[in-house]
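To start, the structure itself, in structure tokens.
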Amino acid sequence: MESAAALRPLFGTQTYRACDYTMGANFQWRGFYRSAYAVADGMLIIRGEYMGAGPLYMLPVGTGDLAAAFGAIERDAAERGLPLVYFTPGGGLGTLRERYGARIEREEPVRYLFDYLYDIRSMQTFAGKKMHGQKNHLNRFLRENPEAEFVPVTAETLPEAERFLEDFEREAGLTAEVEVEEMTRARETLHAYEALGLSAGFIRTEKGVAALAAGEVVGDTLYVHIEKARVSFHGAYQAIASMYPRYAAKEDTLYLNREDDSGDEGLRKSKLAYQPIGFTEKHFVFIRPE
């Protein structure tokens, strides 16, 4: 946790609009992906284990010596007896091609890890014909819960937010390994929101907390790391999807990143319904030995 303040500026240099280069996502999923990191010559290096590719390295980010960082990765892989595999946003493919050229064995797009990108203003207002359905769900939520209010998470309101996640997990009856892991880490991330530099908030109603979200702004993009809503409140997901960006975005925030769909068809359908303007593509890149 004490390293968060040192790592955030390095994450802040990324230009890919990829959730993999944010403090919150790395903290939340560090156990699931068995992540480790190092800072070499002013560059952040992350090693993890991704489904379908085994151990791999993130493309280095920072303001230091990129060639030296690649050298550190290559030495680490050799010392550990690991194949040299990278996980990179599509925008980083050119950097890897320049470094490795004909040694690139294959580049494999990983659709289930593509991040969904949205226009921040569209998500804040649900304006326009394409968002008519989401606007209707939001309006129904507001009609049925006229006293609903968005409450920022602070030291005073954190216990209420944490109780919501506990209640949500109990009501959802999660069984899949990735779902249980995600909820465990969501609670842990929420509890550490201040140290991680995140913002968070929830929607309070007379019938209890209906929804909660947490995330962070990096560059021109707001990343949503946690988004939960009780299905017993019609339109609660639309409410938090709109209210949280209104609260968390800065004046110069242009985009909303709602992360990937993990290959879940229901989640994919839901994220597409909010009319993404594009995706942050992700690729596994396999390098032949010299």
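In what follows, every heavy atom counts, from backbone to side chain, and hydrogens, waters and symmetry copies are set aside. FYI, the numbering just counts along the sequence from 1.
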So, the side chain of [X] versus the backbone of [Y]: is there a donor-acceptor pair under 3.5 Å, distance only?
X    : Y    : result
S270 : G266 : no
R103 : R288 : yes
K271 : D261 : no
N145 : A148 : no
T22  : C19  : yes
Y57  : E74  : no
T154 : E156 : yes
Y244 : G215 : yes

Can we say [X] and [Y] salt-bridge, meaning some charged N sits less than 4.0 Å from an Asp/Glu carboxylate O?
X    : Y    : result
R97  : E107 : yes
R80  : D76  : yes
E227 : R258 : yes
E144 : R140 : yes
R17  : D220 : yes
E169 : R187 : yes
E216 : R8   : no
R185 : E181 : yes

Any side-chain heavy-atom pair from [X] and [Y] closer than 4.5 angstrom?
X    : Y    : result
L256 : L117 : no
N136 : F126 : no
Y255 : T280 : no

Distance-minimising heavy-atom pair for [X] and [Y]:
X    : Y    : value
A4   : M23  : CA-SD, 3.7 Å
L190 : A200 : CD1-CB, 3.9 Å
A249 : Q124 : CB-NE2, 3.7 Å
V153 : Y193 : O-OH, 3.4 Å
L10  : G62  : CD2-CA, 4.1 Å

**OP:** Would you sort out whether S262 and D264 count as a side-chain hydrogen bond (donor to acceptor under 3.5 Å, both in side chains), showing the intermediate values?
**Re:** CA-CA 6 Å; S262 301; D264 182 276; over 6 Å; no

Subject >> Residue pairs fulfilling ring-ring contact (aromatic ring centres under 6.0 Å, His included) with at least one residue in residues 136-172, sequence neighbours excluded >> reply: H137-H234, F150-Y247

Original post:
Taking atom CD of Q238 and atom CD1 of I240, what is their separation to the nearest 0.5 Å?
Top reply: 11.5 Å

Subject >> Test log, rule ring-ring contact (aromatic ring centres under 6.0 Å, His included), inputs Y274 and Y116 >> reply: CA-CA 10 Å; Y274 287 93; Y116 289 73; over 10 Å; no

Subject >> Which residues share a side-chain contact (heavy atoms from CB on, under 4.5 Å) with K130, sequence neighbours left out >> reply: Q275

**OP:** Would you please name every residue forming a side-chain contact (heavy atoms from CB on, under 4.5 Å) with K250, sequence neighbours left out?
**Re:** V217, D252, T253

Is it the case that more than 12 heavy atoms not belonging to [X] sit under 6.0 Å from its [atom1] atom?
X    : atom1 : result
E149 : CD    : yes
E147 : CD    : yes
R121 : CZ    : yes
E194 : CD    : no

Original post:
Between the side chains of E162 and H191, does any donor sit under 3.5 Å from an acceptor?
Top reply: yes

Original post:
Taking atom types as modelled, is there a side-chain donor on R246 or S242 under 3.5 Å from an acceptor on the other?
Top reply: yes

Are [X] and [Y] linked, directly or through other ILVMFWY residues, by side chains that come within less than 4.5 angstrom of each other?
X    : Y    : value
L44  : V218 : no
L222 : L212 : yes
L165 : L196 : yes
I73  : M43  : yes
M183 : V209 : yes

Original post:
Could you walk me through whether R204 and E160 pass the salt bridge (Lys or Arg N to Asp or Glu O under 4.0 Å) check?
Top reply: CA-CA 10 Å; R204 181 192 288 150; E160 187 176 0; 2.8 Å; yes

Subject >> Partners passing ring pair (Phe, Tyr, Trp, His ring centres under 6.0 Å) against F87 (at least two apart in sequence or in another chain) >> reply: Y50, F284

Subject >> Set of residues satisfying ring pair (Phe, Tyr, Trp, His ring centres under 6.0 Å) with respect to Y21, sequence neighbours excluded >> reply: Y16

Original post:
Got a sec, which residues hit side chain to side chain donor-acceptor pair (under 3.5 Å) with K282, two or more places apart in sequence or on another chain?
Top reply: D20, D115

